[in-house]
Number of protein chains: 2
Amino acid sequence: MIHIKEVAKQTQITVRTLRYYDQIGLLSAPSKTEGGHRLYSEEELKKLQYIHFFKRMGYKLQEIKDMLSDPEWDWSSGLKSQLAFILEEQRRLRSMELSMRELINGIAVEGGNEPLAVQKLIQLSNQHKKGLPDLKEHQLKAKEPDLWAKLPKMNGEDPDSLEWIALLGQIKRLIKGDPASSKVQNIIRRMAEKQGEQFGDEEQFVNELWEIRKSPKQSEQLGLYPIEQEVLDFMEQAFQIYLSAADSRISKEETDEH
Amino acid sequence: MIHIKEVAKQTQITVRTLRYYDQIGLLSAPSKTEGGHRLYSEEELKKLQYIHFFKRMGYKLQEIKDMLSDPEWDWSSGLKSQLAFILEEQRRLRSMELSMRELINGIAVEGGNEPLAVQKLIQLSNQHKKGLPDLKEHQLKAKEPDLWAKLPKMNGEDPDSLEWIALLGQIKRLIKGDPASSKVQNIIRRMAEKQGEQFGDEEQFVNELWEIRKSPKQSEQLGLYPIEQEVLDFMEQAFQIYLSAADSRISKEETDEH
DNA sequence: CCTTGAAAGTGACGCTGCGTCATTTTGTAT
DNA sequence: ATACAAAATGACGCAGCGTCACTTTCAAGG
């Protein structure tokens, strides 16, 4: 017969908890001293291990009490349903994680305008819930699923997505300035490089995507992170400048070669 | 100005919850009718979206209240620590999942003797916690880490592990019978086949593993699922019979060829 | 203007699993 | 016998509402 503090030491369960288990009839002390001090036996230690194990598995004390007292308890279905519950919780946490990453990246894009980032995210998730039945299977998504999957994701943690996010964030900071400035042009060049690396010769796809981008409604319905119209215009402007500059470099090189 | 029920409808948040948020000062109604009925504006709807979003992210109401009221709130570290918390929770659930699978498979092996399966699992996890510093890096584990990783796992869900578990469970049911019986021999043959498929010519490894298996202490220290001595003996016996039967088949075939 | 039924209000208890006082008894060593 | 550790009981607290129970207010119809 061991007293309560010994049990606590051996099982790492607090004295308070042991008394509570006694109180709710989950694990009662088999005997007491004349003065009323609880005395436990090895039997209780084992039972306590059981209880502790199932509690760590996420069972509620009442459930554990039921399964210990009921010799007809259906282990098979009980364990499986608990496993299903655990898997469901994992999915829930996974989606929480993705939303948090999306928010963190969104704040980076918005250059520290947190409320705006939160607002856009909420807007997106509302959109997502609505189901958008007509455009859900957009031709582009259906036609090129593999390319679509390669698009940078706001909830991603891969280096590619992160750089896109960083580039976009920088553009937004420079929007008041000159689209021909070297800072802007360097960013645009980097974007063009990445686009080339990731989508290569799929120009058709990239063009269509850009068209969608320029329509806020379509972008939203397809779950693309919302970008303000002026930012898009600025980027297009800068891109035109970039292209013509590249052209003139080429013709200059051609001239040089002569 | 909208009534509380309208807000509830639009946001999917119950009236009770809205009143509670008002009570704790998280979201108070900006005005009331003469009679004291709450009236909300669009402003509150937005704020409610915020609150709802962060609650889904696992924040406590008090934390949300703090971050909404404090304009100096540190978004960056706040979001990152919450993300870390979410990741930690995912790890916790993952280990819960593995333990549950281990238990479910253990029950299959023990042929429905649930308390025994639970007991063995608890024993294993206790062992695991102790750290077992001397044998933790057993030579076999260190020498052949890739082979070690291919061993069937009690917490696995792959078909190979499941078949090993099933075979072991059947052996345990037949332990009272004759090791030379066809039922037992068929199981042993299947085990030999699988061993051949999975470990091929690594006889050295398999032999060492079997030696460890025959020592309960070593098995336990290496985290192998405990198998009773008599089961091991029975299996060895049956295996010997299987081998000699195979030998005699071969010599018979040789004889036939002459 | 009055009635009526729906909707809104307040207040209080319940749930989970203990942590944390506060106060009283019991056990044990000197 | 005394003193001090350890045990016991009892009660409140927490988080986030759900769920009565009871009262008051709102808006529409007669």
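Labels below follow one simple rule: chain letters A, B, ... track the order of the sequence lines, proteins then strands, and each chain is numbered from 1.
- Here B:K32 does not reach the OP1 or OP2 of D:dC26: none of its side-chain N or O atoms lies under 4.0 Å away.
- We find that CD of A:Q62 is positioned 7 Å from P of C:dT16, with the value rounded to whole Å.
- As a whole-Å value, the separation of A:K5 NZ from D:dA8 C1' is 15 Å.
- Rounded to whole Å, the distance from NZ on A:K9 to C1' on D:dA7 is 14 Å.
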Task: Full working for salt bridge (charged side-chain N to carboxylate O under 4.0 Å, His left out) between A:E228 and A:K120 - done: CA-CA 11 Å; A:E228 288 85 354; A:K120 287 191 177 183; 3.0 Å; yes
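- Residue A:R19 is classed as a base contact, given a heavy-atom separation below 4.0 Å to a base.
- Across all strands shown, A:I24 has no heavy atoms under 4.0 Å from either base or sugar-phosphate atoms.
- When the C1' atom of D:dG10 is taken as reference, atom OH of A:Y20 falls 15 Å away, rounded to whole Å.
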- [ ] Scan nucleotides 21-30 of chain C nucleotide by nucleotide, 5' to 3', and note B when protein non-hydrogen atoms come under 4.0 Å of the base, S if they reach only the sugar-phosphate, - if neither.
- [x] -----SS---
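- With rounding to whole Å, A:K55 atom NZ is found 11 Å from C:dT16 atom C1'.
- Taking atom CD of B:Q23 as the reference point, atom P of D:dG16 lies 13 Å away to the nearest angstrom.
- The nucleotide whose nearest atom lies closest to any side-chain atom of A:I4 is, among D:dA7, D:dC17, C:dG17, D:dA7.
- The closest side-chain donor-acceptor pair between B:E44 and B:S41 falls under 3.5 angstrom.
- Residues A:Q90 and B:E97 bring a donor and an acceptor atom of their side chains to less than 3.5 Å of each other.
- Taking CD1 from B:I86 and CZ from B:R91, the interatomic distance works out to 12.0 Å, rounded to the nearest 0.5 Å.
- Comparing B:K60 and A:L39, the nucleotide of DNA chain D nearest to each residue sits closer to the 5' end for A:L39.
- Counting to the nearest Å, the C1' atom of C:dG9 and the CG atom of B:D22 are 11 Å from each other.
- For A:R38, the listed nucleotide lying nearest its side chain is D:dA8; candidates were C:dA7, C:dG9, D:dA8.
- Under 4.0 angstrom from either OP1 or OP2 of D:dC17 there lies at least one side-chain N or O belonging to B:Y21.
- We find that B:R92 and B:E89 are joined by a salt bridge, their nearest charged nitrogen and carboxylate oxygen being less than 4.0 Å apart.
- Put simply, A:T14 has a side-chain N or O that comes within less than 4.0 Å of OP1 or OP2 on C:dG19.
- A straight line from CD1 of A:I64 to C1' of C:dC18 spans 14 Å, rounded to a whole angstrom.
- The CD1 atom of B:I64 sits 6.5 Å away from the CG atom of B:L26 when rounded to the nearest 0.5 Å.
- To the nearest 0.5 Å, atoms CD1 (A:I13) and CD (A:Q10) are separated by 11.5 Å.
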